[in-house]
**Student:** 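Below is the structure I would like to discuss, written out as structure tokens.
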Number of protein chains: 2
Amino acid sequence: MSKSLVLLTPADTAACCSPLTVEPLTMQQAEQVAPLLKALADPVRLRLMSLIASRESSEACVCDLNDAFDLSQPTISHHLKVLHEAGLVDRDKRGVWVYYRARTAALASLGALVGNPAR
Amino acid sequence: MSKSLVLLTPADTAACCSPLTVEPLTMQQAEQVAPLLKALADPVRLRLMSLIASRESSEACVCDLNDAFDLSQPTISHHLKVLHEAGLVDRDKRGVWVYYRARTAALASLGALVGNPAR
DNA sequence: CATCTATATTGACAGATGTTGATGCCTGTG
DNA sequence: CACAGGCATCAACATCTGTCAATATAGATG
């Protein structure tokens, strides 16, 4: 059971609405999407996300991520948890190491919501 | 002097970097971009932004925006200020009324950074 | 089993954030 | 000039957030 099950997460709600420039969000929609933005709206988490998502496999080991920051290990662990609970990354324990994988689909729909693909 | 001057705002830093899925952000880049996401990462502000950006003229009067929420007028004023200071909206006082206009270019580059147009 | 290593959880704390009522500042109008 | 209405600012408050040291957990290894 090392592969995490594909369950419904907050990130799945990113595709709930048309881009900001197209149609106003209902309060309910805004409350669904805001947590995703909040998860990214921290310098450390934003960089964590970029470090994970820019890998060829879209995944990175915590051991590598820890070294990329001048922060304590619990702090990084906390930020990864926030990203995971928002549904922006999947968690996969392999042996002693834990890998986080970017949910690129969630990122894509979130990006489409914020900045219209302009086409 | 009703038209707000076009000055350098935080939003201008959104185009600072390649998409998250392409290249990792430096800490400095992350610290530049995160405030933009933070400005949008509140349900009220996200909906405010959508209410403004989805208008044909990309602008809306505060008087209309106030009515769209079940919140006090100072609260809406506060959120609009946050969006403005992030550089996501421009402020334009016309007579007694104040209009906020979406910086669609800023939204576009922010969206492109989060979710790569994948092409 | 004892131990080491990688990661998560807990508890605590300072600082940031969202909200409101009261108040101030403009601007148009009588 | 006095007043009314639209919006911003202020002061105060409860709540949330980022951070770390200490500790727990879980897997590998001797």
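Labels below follow one simple rule: chain letters A, B, ... track the order of the sequence lines, proteins then strands, and each chain is numbered from 1.
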**Student:** Looking at D/dA8, I'd like to know if its phosphate oxygens (OP1 or OP2) sit under 4.0 Å from a side-chain N or O belonging to B/Tyr100.
**Tutor:**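 So the side-chain polar atoms of B/Tyr100 do come within 4.0 Å of the phosphate oxygens OP1 or OP2 of D/dA8, strictly under.
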**Student:** Among the nucleotides D/dA8, D/dG27, D/dG18, which one has an atom lying closest to any side-chain atom of B/Arg91?
**Tutor:** D/dA8
**Student:** Tell me which of A/His78 and B/Lys38 sits closer to the 5' end of DNA chain C, going by the nucleotide each one is nearest to.
**Tutor:**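 Nearer the 5' end of the strand: A/His78.
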**Student:** Round to a whole Å and report the spacing from CG of A/Leu83 to P of D/dT17.
**Tutor:** 14 Å
**Student:** Expressed in angstrom and rounded to an integer, what is the separation of B/Leu71 atom CG from D/dC7 atom C1'?
**Tutor:**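 The distance from CG of B/Leu71 to C1' of D/dC7 comes to 16 Å, rounded to the nearest Å.
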**Student:** Using the closest heavy atom to pick a nucleotide of DNA chain D for each, name whichever of A/Pro74 or A/Asp42 lands nearer the 5' end.
**Tutor:**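 Mapping each residue to its closest nucleotide by heavy atoms, the 5'-most match is A/Asp42.
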**Student:** Rounded to the nearest 0.5 Å, how far does OH of B/Tyr100 lie from CG of B/Leu80?
**Tutor:** 5.0 Å
**Student:** Starting from C1' on C/dT7, measure out to CG on A/Asp92 and report it in whole angstrom.
**Tutor:**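 Checked: the CG to C1' distance equals 14 Å.
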**Student:** Please check: side-chain N/O of B/Arg47 versus main-chain N/O of A/Leu25, any donor-acceptor pairing under 3.5 Å?
**Tutor:**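 The answer is yes, because a donor-acceptor pair under 3.5 Å joins these two groups.
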**Student:** For B/Tyr99, which of B/Cys61, B/Ser57, B/Cys63 qualifies under side-chain contact (heavy atoms from CB on, under 4.5 Å)?
**Tutor:** B/Cys61
**Student:** With a 4.0 Å cut-off on heavy atoms, is B/Ile76 in touch with a base, just the backbone sugar-phosphate, or nothing at all?
**Tutor:**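 B/Ile76: no heavy atom of the nucleic acid under 4.0 Å.
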**Student:** Check this one for me: any side-chain N or O of A/Thr75 less than 4.0 Å away from OP1 or OP2 of D/dC20?
**Tutor:** yes
**Student:** Please report, rounded to the nearest Å, how far the P atom of C/dT17 is from the CG atom of B/Leu37.
**Tutor:** 14 Å
**Student:** Between the base of C/dA6 and the side chain of A/Gln73, is there a donor-acceptor distance below 3.5 Å?
**Tutor:**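 A donor-acceptor contact between them is absent.
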**Student:** Choose from C/dA8, D/dT19, C/dC26 the nucleotide whose nearest atom is closest to any side-chain atom of A/Ser77.
**Tutor:**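 The answer is C/dA8, which lies nearest to the side chain.
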**Student:** Report the distance from atom CG of B/Leu46 to atom P of C/dT17, rounded to the nearest whole Å.
**Tutor:**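 Between P of C/dT17 and CG of B/Leu46: 17 Å.
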**Student:** With rounding to the nearest 0.5 Å, note down the distance linking CG in A/Leu88 to OG1 in A/Thr104.
**Tutor:** 11.0 Å
**Student:** Please report the distance, rounded to the nearest Å, between CG in B/Leu40 and P in C/dT17.
**Tutor:**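 For the pair B/Leu40 CG and C/dT17 P, the rounded distance is 15 Å.
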**Student:** With rounding to the nearest 0.5 angstrom, report the CG to CZ distance, A/Leu40 to A/Arg45.
**Tutor:**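 Rounded to the nearest 0.5 Å, the CG-CZ separation comes to 8.5 Å.
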**Student:** To the closest 0.5 Å, what do you measure between CE (A/Met49) and OG1 (B/Thr21)?
**Tutor:**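 A/Met49 CE to B/Thr21 OG1: 9.5 Å, rounded to 0.5 Å.
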**Student:** What nucleic acid atoms does A/His79 come within less than 4.0 Å of, heavy atoms only: base, sugar-phosphate, or nothing?
**Tutor:**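 It contacts sugar-phosphate atoms only.
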**Student:** Under 4.0 angstrom, heavy atoms only, what part of the nucleic acid is B/Phe69 near: base, sugar-phosphate, or nothing?
**Tutor:**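 The residue B/Phe69 makes no contact with any strand.
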**Student:** More 5' along DNA chain C: B/Asp70 or A/Val98, using each one's nearest nucleotide?
**Tutor:**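 Its nearest nucleotide lies further toward 5', so the answer is A/Val98.
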**Student:** Rounded to whole angstrom units, what separation is found between the CD atom of B/Glu85 and the P atom of C/dA16?
**Tutor:** 15 Å
**Student:** Just to confirm, is there a sub-4.0 Å distance from OP1 or OP2 of D/dC20 to any side-chain nitrogen or oxygen of A/Ser72?
**Tutor:**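 Checking A/Ser72 against D/dC20: at least one side-chain N or O falls below 4.0 Å of OP1 or OP2.
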**Student:** Please check the phosphate of C/dG18 (OP1 and OP2 only) for any side-chain N or O of B/Arg45 closer than 4.0 Å.
**Tutor:**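 Yes, such a contact exists.
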**Student:** Could you state the NZ-P distance from B/Lys81 to C/dT17, rounded to the nearest angstrom?
**Tutor:** 13 Å
